[in-house]
Each structure stands twice: as structure tokens, then as C-alpha cells.
Undergrad: 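This is the structure I have questions about; it appears just below.
No experiment lies behind these values; they were computed from the predicted model shown. Indexing begins at 1, ligand by ligand and atom by atom, following the structure's order. FYI, side chains are in, hydrogens and waters are out, and symmetry mates aren't considered; it's all heavy atoms of this structure.
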Amino acid sequence: VGALAARSLAAVRVLESHGLDYCCQGRASLEAACRALNLDPAALLREIEEAEAARPEPGVDWTTAPVRDLVQHIINTHHAYLRHELPALEARLHKVVQAHRERHGGMLLELARTFLGLKAELEAHLAKEEEVLFPVAISYEESLARGESLEPVMFGTVQNPIRCMETEHEHAGAALARIRQLTNGFTPPPDACVTFRSLYAGLAELERDLHLHIHLENNILFPRTIQLEGI
Ligand SMILES: [Fe+2]
Ligand SMILES: [Fe+2]
């Protein structure tokens with residue numbers, strides 16, 4: 001499923017619309033993922049082809065663009081988004097907890113606990129990627145382009161930090177699923193005020209952005225880095 005999602009953004013949208021997890025469970029085969037949701041794999045592939053034909057993708061094919069550009073794109077788009085949005089969401093959540101503790105206290109406290117755990121993990125995760133893994137991916141590509149052999153890395157093989165990042169992605173995926181469940185699919189209660197609504201809208205956007213972000217790493221950047229190491 002991950003490889004299918006790596007084809008195009010149109011494929012990502014179709015998979016999303018059917019609730020197929022293409023990032024954290026991206027290793028599942030299309031057949032297995034479809035069976036679990038009672039979908040027909042052939043019909044799904046047709047739908048993706050139609051979506052791709054209807055809207056040819058502008059922009060970059062990250063499966064072939066330079067790794068340096070892909071890394072820059074992840075940092076400038078998705079890491080920058082998280083660094084800006086996570087504190088903003090925390091502030092909004094804090095306000096909502098203060099104002100609606102009486103009627104929605106139990107759910108809101110569990111939501112706050114889950115969100116704050118996710119936020120702390122993600123902040124550490126972004127730093128590890130930017131300081132450890134991404135520079136190695138770029139240096140592999142550039143050493144090979146210069147015809148040099150790869151600098152040995154202190155963690156033996158790049159597969160070790162990659163495995164660690166993938167485990168953290170699974171944690172993030174589980175926290176997002178819990179948030180979706182707690183917020184009833186990001187549907188605010190009927191008595192919700194504007195802040196409550198904007199909190200839910202922001203959490204829905206966080207889920208979308210993080211899924212796309214993890215997809216670029218798990219399904220494109222990490223396999224490409226492992227492949228470079230093997231050349
Ligand atoms: Fe990342
Ligand atoms: Fe990541």
C-alpha cells in the first residue's frame with residue numbers, strides 16, 4: 001500500500017477516501033489491506049488510475065528527485081508546519097479545557113493527555129531526523145555522485161535509525177487514531193464554541209499533514225536511503 005501511495009498524490013487521496021492506512025501500515029499488501037476493509041483491489045486500482053488521469057500532478061516526483069530536495073521539502077513543509085501548529089493547538093486545547101471542563105471534562109482531559117504526549121514525541125523526533133538521519137541520507141547521495149565510497153556511520157547501518165524512526169511513526173499514528181476516536185471523527189459537540197471548533201479543525205489538519213509527512217519518509221525517503229547504502 002505504501003508503494004502504491006508513493007505513485008502520486010492522487011493515489012494518496014483515493015486511499016485516504018477509503019480509510020486505507022498507507023503510512024503507518026504501509027507495508028501491508030493491497031490485497032490484505034482491502035480484505036480488512038471489504039474493498040475490491042481491482043476497483044481501487046481503477047479508481048486511482050482514473051484520478052491520476054483526471055488530475056495530472058503538477059510538481060515533483062519524489063521517487064526520483066534528488067534526496068537533498070526531498071529532505072528540504074520535508075523540513076520546509078512538514079517540519080515547519082508542526083513547529084508552528086503544535087504550540088498553537090496546545091494553546092487552543094488549553095482554552096477549551098478551561099471553558100468546557102464541566103460538560104466535556106473526561107474526554108477533554110484524555111484528549112489533552114494524548115495530544116501532549118504526541119507533541120513531545122514529535123518535537124524530539126523532528127530533531128533526531130534533522131540532526132542524525134537526514135544528513136546521512138544527503139551525504140550518501142552526494143558521495144555516490146562524486147564516485148566516492150560512503151563514510152562509515154556511527155550506528156553501523158542506516159537501517160538502525162530508520163527502524164527507530166518508523167517505530168516512532170507508528171506511535172504517532174496510534175496517537176492520531178486515538179485523537180480521531182476521542183473527537184468522534186473531529187465532529188465538535190453541538191454546544192461547541194468557535195475555539196472548540198477550530199481545535200477540532202486543527203486536529204483534523206494535523207492528521208492529514210502528518211499522514212502525508214510519514215508517507216514521504218516511510219515510503220519514499222527511507223527506502224531510497226537504504227538503497228543508496230546498498231549500492
Ligand atoms: Fe519528519
Ligand atoms: Fe518522521
Undergrad: Restricting to N/O/S atoms, is His125 within less than 2.8 Å of the Fe ion (ligand 1) or not?
TA: no

Undergrad: With under 30° as parallel and over 60° as perpendicular, where do the rings of His213 and His79 fit, or are they tilted in between?
TA: tilted

Undergrad: Please calculate the NE2(His79)-the Fe ion (ligand 1)-NE2(His213) angle and round it to 10 degrees.
TA: 90°

Undergrad: Of all the N, O or S atoms in Glu129, which one sits nearest to the Fe ion (ligand 2)?
TA: OE2

Undergrad: Between Glu229 and Thr157, is any side-chain donor less than 3.5 angstrom from a side-chain acceptor?
TA: yes

Undergrad: Strictly under 2.8 Å, is the Fe ion (ligand 2) approached by any N, O or S atom of Glu168?
TA: no

Undergrad: OH of Tyr81 to CG of Asp209: how many Å apart, nearest 0.5 Å?
TA: 5.0 Å

Undergrad: Restricting to N, O or S atoms of Glu217, which is nearest to the Fe ion (ligand 2)?
TA: OE1

Undergrad: Closest to the Fe ion (ligand 2), which N/O/S atom of His169 is it?
TA: NE2

Undergrad: Hey, is there an N, O or S on His78 sitting under 2.8 Å from the Fe ion (ligand 1)?
TA: no

Undergrad: Regarding Arg13 and Glu16, does a basic nitrogen lie under 4.0 Å from an acidic carboxylate oxygen?
TA: no

Undergrad: Is the side chain of Arg224 donor-acceptor paired with the backbone N or O of Trp62 at a distance under 3.5 Å, no angle test?
TA: yes

Undergrad: Nearest 0.5 angstrom please: Glu205 CD to Phe186 CZ, how far?
TA: 11.0 Å

